[in-house]
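Shown below is the structure under consideration.
Every number for a ligand or one of its atoms is a count from 1 in the order of the listing.
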Amino acid sequence: MSEAIKGISKRYRRVILLFMFFTGLCSFGYEVLLERAVGILIGSSSVAMGLIISTFIMGYLSSFYFGKLADRTKSKRKLVTMLAMLECLICVALVLVIPITRYSLFIADYLSYFIFFYYLDYYYVLLITIGLIALIVPLLMGAEIPIAMKLMAWVDKEEGHDTYGDVGKISGKIFTVDSLGAGLGGLLTALFFIPFLGRTYTSLLLALTTLCAGMILLFTHQWYVRQMGLDPLPGNGKDKKANYLRRKRATAPYKIAVVILFVILLIVANISEIENRSIDRFYGGNVRFHMDSKYQEIVITEHEPEGVTLYLNGQLQISELDDAMYHEFLIHPALVTHPAPRKVLVIGGGDGGAVEEILKHDTVVEITFVELDIEVINVCKKYLKSINNNCFDDPRVDVKITDGRIFVRDYKGEKFDVVVGDLPDPDTEAVAMLYTTEFFGDVKNVLKEDGIFVLQSCSWFEYPKITMSVVETLHSVFSEVDLYLYNVWTYGPWSSAVGSSKLVPRSMSPKDIDAILEERTVTTEYYNGDTHNASFFMSKNPFLESARKDARISTIDRPILQNPWE
Ligand code: SAM
């Protein structure tokens, strides 16, 4: 065999391998993207991970069917065109599947009425709906491997190799580059693409990469066929009709590619519109801002009567309407109980409402404000000034952008009088770590002997088991633990829990509380001595006593996780 033929085959083989590398990269990148989007939808990152990984693995089973199809297809041109077309379809799917999954809540609603799903819990209908939508991508991707292998085998055969004998080598090479691409794709997407491009443009990038990979393979195939003299140039024969048909066949893949590219460009032009519409629908309209930060999806909406509202990963965090009620009751019970709160640590609370309430106590000289996500602060500075009153710029406030867990674990400075946990509900493993006995133990270490810790402990009415688990976990660390209940307009019945080695907020008299508020010039809308006492009094109720039986201590090894569908 001539060196020239060897060179041509080598080039073509390299392009096939490169193609597999990029398709692997795109498939795992998309898996990461989908996991994140589904986690936001269903509120549990581990269920999202399990669902998407299983869906992708099941979807790849389609390679069984496509393998047989590839064997049956005698024309290599058809095979390569099939692959290029497949990439075009994958490209469209990569752009559309995530916005479509946002509609799964509504689709699942309809599906629940079908006899087949009627007896299933809504949660499982939702998971099935999401799984079915997500399945589109791996079903298409599953076809790539057998077709690429078939092409490699064909090139080997043209070179004069014994294809049967080389099957191991071919499959080994294909799987190796595919896995390398997949590994890189997963990492790049999680570490760089999502944080810097956001979810929408990451899916677009992966889609266009897929499309380019398919097109490059298609054009390389045409080049290979011409170089190897396997396909006479159209128009060389004598029969006019045959010439015409050959020319049509030869140019068909290009024409199809151009049409599909055109469709893709239309989609690309409308991508923000598609994304906006699906987000708008999910949040009930009036989305004023949305972005994907390194850690979470941040959304700002504006509705009546809630006013401007912040959502993180699809979960309501705070609205203008709730601000006074939620933050006054989170902050003042602990602060008035402390005889002279000077140095306060706030973990979370990126909207700034908690810090704003603490600053009302004129005894406070220093607030260390530890927030994981700078973007939440930036967004709230712009949209939620009415809640934070630009407290970030107060000279007493020292903002630290870091993980609260790491901050308290490594903290060596002067201890705090009060620590506040204004964190999202423990509905993901990452946040649940900040509700564990290990974390509470670290908080105790950064508190002075007569210090006090307070944290929001979720809706006691919707998740009594979670609220009581927070209480039980606090008991594993602090000797004085208590729970108090209040109402937040849009969240409904809410709770916070306190832990201390010395201080007992329940023992404060209404008269003393009112006097302290007056002395420290603290003005409030809802919080005062009477409402303080009422909220502690209400926490001794039969509903919560019964939930205590199922509550347990949350640990890093076995964190308590709030499941919104339970
Ligand atoms: N009021 C809210 C609620 O009821 O769910 C909590 C609001 S506040 C906006 C929650 C903040 O905690 C978010 O800004 C989030 O970025 C932050 N956060 C989450 N995990 C954190 C961590 N490990 N360390 C510090 N801040 C964290």
Side-chain angles (χ1 to χ4, degrees), residues 39-40 43 45 195 291-300 306 308-331 345-358 368-381 383-384 387-388 391-392 399-411 419-436 438-440 442-443 446 454-463 466-467 470 486-497 556 559 562 564:
I40 292 171
S45 47
M291 74 169 294
D292 269 286
S293 75
K294 206 162 148 191
Y295 302 101
Q296 52 212 341
E297 181 190 73
I298 306 173
V299 171
I300 295 280
E306 301 92 320
V308 181
T309 304
L310 168 73
Y311 289 86
L312 295 180
N313 285 343
Q315 306 294 321
L316 169 68
Q317 299 294 306
I318 198 71
S319 70
E320 287 182 313
L321 182 70
D322 295 328
D323 168 41
M325 193 64 151
Y326 173 76
H327 288 122
E328 285 180 12
F329 276 88
L330 175 69
I331 297 305
L345 168 66
V346 178
I347 304 166
D351 52 75
V355 171
E356 214 256 320
E357 243 12 85
I358 298 168
T368 307
F369 180 7
V370 178
E371 164 62 53
L372 181 69
D373 194 346
I374 179 112
E375 296 301 346
V376 177
I377 294 186
N378 291 340
V379 170
C380 293
K381 267 185 184 171
Y383 292 96
L384 283 172
I387 287 184
N388 53 55
C391 64
F392 312 96
V399 180
K400 300 216 181 292
I401 302 300
T402 179
D403 186 334
R405 256 180 93 194
I406 296 173
F407 181 85
V408 291
R409 191 194 64 196
D410 299 344
Y411 185 73
V419 176
V420 178
D422 185 14
L423 293 155
D425 289 3
D427 54 9
T428 64
E429 283 74 6
V431 181
M433 294 297 123
L434 292 113
Y435 287 83
T436 58
E438 292 86 348
F439 177 69
F440 292 171
D442 287 340
V443 167
V446 302
V454 63
L455 79 164
Q456 75 90 2
S457 47
C458 315
S459 165
W460 63 270
F461 188 70
E462 260 186 274
Y463 306 107
I466 299 289
T467 300
V470 175
Y486 45 102
N487 230 4
V488 183
W489 307 130
T490 54
Y491 306 172
W494 210 255
S495 72
S496 284
I556 286 181
Q562 179 180 295

_Donor-acceptor pair between Y326 and D422 side chains, under 3.5 angstrom_ = yes
*Under the side chain to side chain contact (heavy atoms under 4.5 Å, CB included) test, which residues partner Y311, sequence neighbours left out?*
Y283, V299, T301, T309, L316
*Indicate the ring-plane relationship of F329 and Y486, choosing parallel, tilted or perpendicular according to the 30° and 60° boundaries.*
parallel
*With sequence neighbours excluded, what pairs up with L312 under the side chain to side chain contact (heavy atoms under 4.5 Å, CB included) test?*
Q296, I298, L310, Q317, V376
*Considering residues at least two apart in sequence or located in another chain, which fulfil the side chain to side chain contact (heavy atoms under 4.5 Å, CB included) criterion with V431?*
P424, T428, Y435
Do any nitrogen or oxygen atoms of ligand 1 lie under 3.5 Å from a protein nitrogen or oxygen, and which ones?
| residue | atom | partner | partner atom | Å |
| --- | --- | --- | --- | --- |
| ligand 1 | 1 (N) | Q317 | O | 3.3 |
| ligand 1 | 1 (N) | Y326 | OH | 3.1 |
| ligand 1 | 1 (N) | D422 | OD1 | 3.3 |
| ligand 1 | 5 (O) | Q317 | OE1 | 3.3 |
| ligand 1 | 14 (O) | E371 | OE1 | 2.8 |
| ligand 1 | 14 (O) | E371 | OE2 | 3.1 |
| ligand 1 | 16 (O) | Q296 | NE2 | 3.0 |
| ligand 1 | 16 (O) | E371 | OE2 | 2.4 |
| ligand 1 | 23 (N) | D403 | OD1 | 2.8 |
| ligand 1 | 24 (N) | G404 | N | 2.8 |
| ligand 1 | 26 (N) | L372 | N | 3.2 |

*Please report the closest heavy-atom contact between T490 and S319, naming both atoms and the distance.*
OG1-OG, 3.9 Å
